[in-house]
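Working notes, beginning with the structure itself.
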Amino acid sequence: RSGDTTGALLRDLHIQLLNNPNSAVVFLGDNCYVKPYFLLPVEVGGYDGSKLAQHRIMAQLNILRGYNGSAYFTPGNHDWWNHINLKKGKKRLLAEQKFIEDSLSNFTSLENHKEGTFLPQNGDPGPISKDFNGGKTRIIFVDTYRLIIEEGRKRHTDTLLLEAFYKELKTQLTDASNKHQKIIVVAHHPIHAKGKHSAKLVFLERLNRRFADSNTNYPSYNKMAIHLDSLLKEHNHPDIYYISGHEHSLEYFFNDSLHYLVSGAGSKVDQVKYKSVENAEEYLIWNEEGFFEIDFYGRKETVLMYHRKDDKSELQVHCVAGCN
């Protein structure tokens, strides 16, 4: 997106990546916005292959030049163009996937430039697991919009796909727990969040499911979130992080020994009508752009939040969890 802070934040992230080569960075979906929906001032479309779309994607990819870690992009609803038609959405998604993976294949400093940098691939929901840090950390990639599509289809719902997905996710979580790994589940849609996508359904959303599917209160989204959350809580594992975007804000929740982070303020911030709260349960900052970093040092875990007011302000860093 355009805007002064976006460019500054990308430079900030670039510096952090160069200084921390033993790491992985994940872009959490809605990687490109281009076309409005007919005459309405609402952006539904994503990557369309235009020069503008390529420029906006490359602005993100270019910060990975010289980075020696691993980089991943995971899809969001805009990358599917908010289509509820699987065939139409998948066509749009695959075009973006190809552009990102073809471009990053030339970034030879990246540890994973020869393998999948767009996960899950090909419109599949996942889950896809990658182990890091000598097998001490596992990242599980999930395409939550594909799950939402399937949960909301009245006809021809692929129940076998949903059953297979949740069974495999449970298997991967169990395996990681048995190995005492730290677990990071990354997806686009939050399980817990506050913001415009978590507010009461408005009239426009009720008229069109392409808008409604983005709201946590809509049945297809709600079913997906509840099912994911129940699987995570079932493990009673103290080192599980669920990381998402979608809401244009920075949010942290700690419930039932699970960490929930919303890092969707990389390009813009929505003015959320909630007071910022800082206590043992949640730490919320709404009005600045930024991103999160999770550090693992042996048994110690630290969650840091980087944010800035504007391009002229200095980058600020706050410790959110594991600060002692």
May I ask you to say whether [X] pairs ionically with [Y], meaning some side-chain N is under 4.0 Å from a carboxylate O?
{"X": "R308", "Y": "E314", "value": "no"}
{"X": "R138", "Y": "D175", "value": "yes"}
{"X": "E96", "Y": "R92", "value": "no"}

Has [X] got a side-chain atom pairing as donor or acceptor with [Y]'s backbone, closer than 3.5 angstrom?
{"X": "E247", "Y": "V262", "answer": "no"}
{"X": "W81", "Y": "Y47", "answer": "yes"}
{"X": "N112", "Y": "E115", "answer": "no"}
{"X": "H113", "Y": "L110", "answer": "yes"}
{"X": "K136", "Y": "K182", "answer": "no"}
{"X": "T137", "Y": "N133", "answer": "no"}
{"X": "D48", "Y": "S50", "answer": "yes"}

Using 30° and 60° as the class boundaries, would you call the ring planes of [X] and [Y] parallel, tilted or perpendicular?
{"X": "Y166", "Y": "H227", "answer": "parallel"}
{"X": "H192", "Y": "F253", "answer": "tilted"}
{"X": "F296", "Y": "Y241", "answer": "perpendicular"}

**Request:** Working to the nearest 0.5 Å, report the span between OG of S263 and NE2 of H246.
**Result:** 14.5 Å
**Request:** State the NZ-CG distance between K167 and L160, to the nearest 0.5 angstrom.
**Result:** 11.5 Å
**Asked** Any side-chain donor-acceptor pair under 3.5 Å between Y242 and H259?
**Response** no
**Prompt:** Do Y306 and Q16 meet the criterion of a side-chain donor-acceptor pair at a distance under 3.5 Å?
**Reply:** yes
**Asked** Below 6.0 angstrom between ring centroids: does that apply to F27 and Y72?
**Response** no
Taking the side chain as C-beta and beyond, is there a heavy-atom pair between [X] and [Y] under 4.5 Å?
{"X": "Y260", "Y": "I243", "answer": "no"}
{"X": "I140", "Y": "I128", "answer": "no"}
{"X": "F132", "Y": "S70", "answer": "yes"}
{"X": "L13", "Y": "F291", "answer": "yes"}
{"X": "H189", "Y": "S244", "answer": "no"}
{"X": "D143", "Y": "T74", "answer": "no"}

**Asked** Out of T144, N77, D79, which residue meets the side chain to side chain donor-acceptor pair (under 3.5 Å) rule with H188?
**Response** N77
**Request:** Please step through side chain to side chain contact (heavy atoms under 4.5 Å, CB included) for the pair V186 and L28, ending with a clear verdict.
**Result:** CA-CA 7 Å; V186 295; L28 294 164; 4.2 Å; yes
